Amino acid sequence: MERWEDGDFGHDTADVDDTPEETQAIRNAVARALALDRELPLAAVLSRARIGLLHRDRQRRVVAVNDRFCELAGRDAAALSGLAVEALLHPDDLSMVTALYARHQIRSTPFEVEARFVRPNGSSLWCDINVSFVCDAAGVAVSTITIAQDISARRAAEERMRESEEHYRHTVELNPQITWTAGPGGQIESVSSRWETVTGGKPSEALGARWLVALHPEDRTPTEAAWRKAIASGAPVDIEYRLRSPEGDFRWFRSRAAARCDAAGATIRWYGTLEDIHDRKLAERALRDSEKRFRLAAHAAGLGIWDYNALTGTREWSDELKAMLGLPLETPAAVAIALARVVPADRHRLQALIAAVEAGDGNHRFETTLRILRADTGAERWIKTGGWRIEAPSGRLSRVLVTTRDVTEERTAQERIRFAAHHDSLTGLPNRATFNERLETAIANSRHHGGGVALVLIDVDHLKETNDTVGHDAGDAVLRALGERVHGVLGDGCMVARLGGDEFAAVIESPGEAAAEVARVRAALAAVREPLSYDGRILDCQATAGGSLFPAHGATATELLKAADIALYAAKANSRGELLMFEPPMRADLQRRSSMLSIARDIIRDDRILPYYQPKIAFASGTVCGFEALLRWHHPTYGAQLPATIAAAFEDYDLAQGLSERMLGAIVGDMRRWLDAGLDFGRIAFNLSPAEFRRDDLTDRILGRLARAGVPADRLELEVTETVFVGRGAECVATMLETFHRAGVHIALDDFGTGYASLTHLKAFPVDTIKIDRSFINHLDRDAGDAAIVDAVVALGHRLGMTVVAEGIETEAQAHHLLALGCDIGQGFWFGHSGPADTVPSVLARRHLVRVAG
């Protein structure tokens, strides 16, 4: 007798003897067909019906098999003969099918099972397998008939259905909103399981009209009325009410529902959601309270308020706003009245702002500054208007709240600072930044339209002697006179700029011959030499110039500047008071620069950088609040040397990086030693050159060194000049400075007022400290213009929340004046010279009290 464990198989999912009628009919048909097998090609018929047939005897020999079964098993008849069941069935199904076969073999009863066939190529497919036993007269099974049908597609569909059901179930259960449905008459038919989480009651307790019990008593009547109205009209419903929570208190919810209708428009079912809006309600209440406090604060601060309620169309103006516009208090709040007070040239700004706010351009906050003419006096004033757009939950404009502030005095100060950023404070001439821009523009114009460009660098002769013998006031008079005389001769078609110190420059655009322009410059130098009377004395006024021509001496602004600088160097050496135009042999100066670069390489290689520390004094307490680290280098014979001896190295990218790296390492090492000694040295300022920002690893290098040494980042202050904001690589500066700022490193804007950084840069970059350049401090106590600029810078810095540092303080009078102006920190020789690290403890022990004079 052939047994299952010898290789025949079938399978079922339960141990039952009864066979479904359909399955039994198939078995009976197969049995009859086997009896007539010689007359009817049963195997072929079943193959065409996509049914596989396998008949094997007790020795697993194939009695009969059709093509479909061979296709399902992936084997031919010879391979199936004697094949063990382990080779045909999937391992995960084998034990289950084997146990099922054993139970049914005992009584020779047929059974059905779903299992996977494994083909020789490793693929598998699901089959519905029917197994029947052929018995002898004694009822003993002598062979096994197996019928198989491919059900892989059905199994895949069932799996997709189960996944879809699981997806829907999780979607409903995990949805933060409560979903519900109701019949056409408004009776609740289903509620998602989150109802129990929100209210503590079973979802079944919300069916019908019982959900109303969970509402706050004050909300039941209006909610019922809104629901009845929606049912009657079929219109969507959107209402808010409170539901009782499991803790016994109430939370706010927003209920929205819409009806699904048939073709005739009759309601089939309502579908709705409940959304928890409790936090939003609390926020709205807090906003109302905040608005009350805001109005009180605005009244105290003298701010004007313009409140527009878009839902009701009403506008309100505060008494402060009407007073600001010079209007009577009984004046109605109307856009036309406001526009009438705006200077005509600025009205488009206010009109555009009103239109944008009402249209909702995506910006919830807005701001503009414009001029008005007061209704009572006609005086022109600058008004800064700022506000925000408030939207309803639906996204519709709900309210616009605007504040106005008179910024006339602030605007005037800004204009002075803006002028100072682009002009030299002493001569009123354009500064270096404006000069650079004009030179670049002149070269571009020459390339496109023809003509030539002459660049002239002018250096004042003997200015130091004038300052030392007559005084700095006399030196300033010489500088002013030189600017006026050169500009007077060269005319408005030429730009004359002061680049700093005793250095001037002129950019001359001319379509004519270069010789004519050279003659004009020589005439200007002759005018400079005219006697200058100052305070009863005749001052020596003379200048030397070097020039270059585009395109003969350079194709770029940098090349022209280098050529003119070489010419100026040669003129100062050999032809004082004259103009020399660039000639190639003048490049001998490069030898000197090359020597500087060689020395700088040796300094880096031998690690001879020596930081010197100059104290910074807090005016309020007179104590040291930090130091500025100044670069020095050690000469084996002459000791500490100033950086000017290797000035050319700071213009070389690689050498500048090497010097900076050595300097930073020494500074961090000193800070670590001071911390270990328990010294509170404040914050150490370290100057970063513009070249530093061309390194991608700048932030990692500095912050990493601080971290490795265990020095807190807030102990370091990085000083940057205004040129980094607009120079090469400026697009990366903001990101780097922001990284330093977030890490705790302070950012200081050095030499403020001598360059060309605008107020926009102060807002755009994370600047903590403004350092007023020493050129404004030199004559602070004697020059009203310098005093006004310093006053404006201090006021601006404080308004922006920045610390203001004045450098170059050399007299007690300057210190007194700065204290009176409200400056925070002072630095200069009057407080102390710079010194090596071992002098810091003794400097920290000293106090420098400054009191306002008078």
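Note that the coordinates shown come from a computational prediction; the quantities given were computed from them, not determined experimentally.
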> With Q827, which of R774, E628, E807 fulfils side-chain hydrogen bond (donor to acceptor under 3.5 Å, both in side chains)?
E628
> Does the side chain of V460 come within less than 4.5 Å of V528's, by heavy atoms?
no
> So how far is it from K572 NZ to L457 CG, rounded to the nearest 0.5 Å?
11.5 Å
> With the side chain counted from C-beta on, respond yes when F740 and T699 share a heavy-atom pair under 4.5 Å apart, and no when they do not.
yes
> Check whether any side-chain heavy atom of P636 lies under 4.5 Å from a side-chain heavy atom of R608, and answer yes or no.
yes
> Which atoms form the tightest heavy-atom contact between P615 and V843, and what is the distance?
CB-CG1, 3.7 Å
> Is there a side-chain contact between F765 and I747 in this structure, where contact means two heavy atoms from C-beta onward sitting under 4.5 Å apart?
no
> Ring-plane angle category for Y638 and H635, please: parallel below 30°, perpendicular beyond 60°, tilted otherwise.
tilted
> Is there a donor-acceptor pair closer than 3.5 Å between any side-chain N or O of T466 and the backbone N or O of G475?
no
> Salt bridge check, D670 against R673: does any charged N sit closer than 4.0 Å to a carboxylate O?
yes
> How far apart are the C-alpha atoms of L455 and F435, what are their side-chain angles, what is the distance that settles it, and do they pass the side chain to side chain contact (heavy atoms under 4.5 Å, CB included) test?
CA-CA 11 Å; L455 168 63; F435 158 77; 3.5 Å; yes
> Verify, without hydrogens or angle tests, whether E738 (side chain) and A734 (backbone) share a donor-acceptor contact under 3.5 angstrom.
no
> Without hydrogens or angle criteria, can the side chains of T544 and D461 be said to hold a donor-acceptor pair below 3.5 Å?
yes
> How many angstroms lie between atom CG of D424 and atom CZ of F504, to the nearest 0.5 angstrom?
7.0 Å
> Side chains of W633 and I599: closer than 4.5 Å at any heavy-atom pair?
yes
> What's the spacing between L655 CG and I604 CD1 if we round to 0.5 Å?
5.0 Å
> If you measure from CZ on R701 to OG on S660, what distance do you get to the nearest 0.5 Å?
4.5 Å
> Between I809 and I617, does a side chain to side chain contact (heavy atoms under 4.5 Å, CB included) hold up when you go through it step by step?
CA-CA 11 Å; I809 302 174; I617 308 300; over 6 Å; no
> In terms of the angle between their ring planes, are F681 and W674 parallel, tilted or perpendicular, with boundaries placed at 30° and 60°?
tilted
> Using every non-hydrogen atom in the two residues, find where V453 and S446 come nearest and quote the distance to one decimal.
CG2-CB, 3.9 Å
> Show the nearest heavy-atom pair for residues A477 and L532, with the distance to one decimal.
O-CD2, 4.0 Å
> Would you kindly say whether N778 and H472 are connected by a side-chain donor-acceptor distance under 3.5 Å?
no
> Checking D607 side chain against R662 main chain: does a donor-acceptor pair fall under 3.5 Å?
no
> Using 4.0 Å as the upper bound for N to carboxylate O, is an ion pair formed by K616 and E717?
yes
> Answer whether the closest heavy-atom distance between the side chains of L844 and F627 falls below 4.5 Å.
yes
> Would you call T803 and H746 a side-chain contact if the rule is heavy atoms closer than 4.5 Å?
no
> Can you tell me how far the CD1 atom of I702 sits from the CE atom of M736, to the nearest 0.5 Å?
9.5 Å
> Please check if the side chain of D750 supplies one atom and the backbone of T721 the other of a donor-acceptor pair under 3.5 Å.
no
> Evaluate the side chain to side chain contact (heavy atoms under 4.5 Å, CB included) criterion for residues I609 and L659: first the C-alpha distance (whole Å), next the side-chain angles of each, then the deciding distance (0.1 Å), finally the verdict.
CA-CA 8 Å; I609 291 295; L659 292 170; 3.8 Å; yes
> Could you measure the distance from the CZ atom of R705 to the CG atom of L664? Nearest 0.5 Å is fine.
5.0 Å
> For residues I443 and A555, report the shortest heavy-atom separation together with the two atoms involved.
CG2-O, 4.3 Å
> Taking the side chain as every heavy atom from C-beta outward, state whether L703 and V745 have any pair of such atoms under 4.5 Å apart.
yes
> Indicate yes or no for a side-chain donor-acceptor contact from H448 to the backbone of A444 under 3.5 Å, with no hydrogens or angles considered.
yes
> Can H423 and T434 be said to form a side chain to side chain contact (heavy atoms under 4.5 Å, CB included), step by step?
CA-CA 8 Å; H423 293 78; T434 309; 5.6 Å; no
> For a quick test of reading the model, state the closest non-hydrogen atom pair linking I458 to A543 and the distance between them.
CG2-CB, 3.6 Å
> Closer than 3.5 angstrom, by distance alone: can the side chain of R782 be matched with the main-chain N or O of D473 as a donor-acceptor pair?
no
> For the pair R715 (side chain) and G682 (backbone), establish whether a donor and an acceptor sit closer than 3.5 Å, ignoring hydrogens and angles.
yes
> Work out which heavy atom in W830 is nearest to a heavy atom in E810; give both atom names and the distance.
CB-C, 3.7 Å
> Between E719 (side chain) and A685 (backbone), is there a donor-acceptor pair under 3.5 Å?
no
> Between R520 (side chain) and V489 (backbone), is there a donor-acceptor pair under 3.5 Å?
no
> Tell me whether R485 is salt-bridged to E530, with the criterion being a basic N under 4.0 Å from an acidic carboxylate O.
no
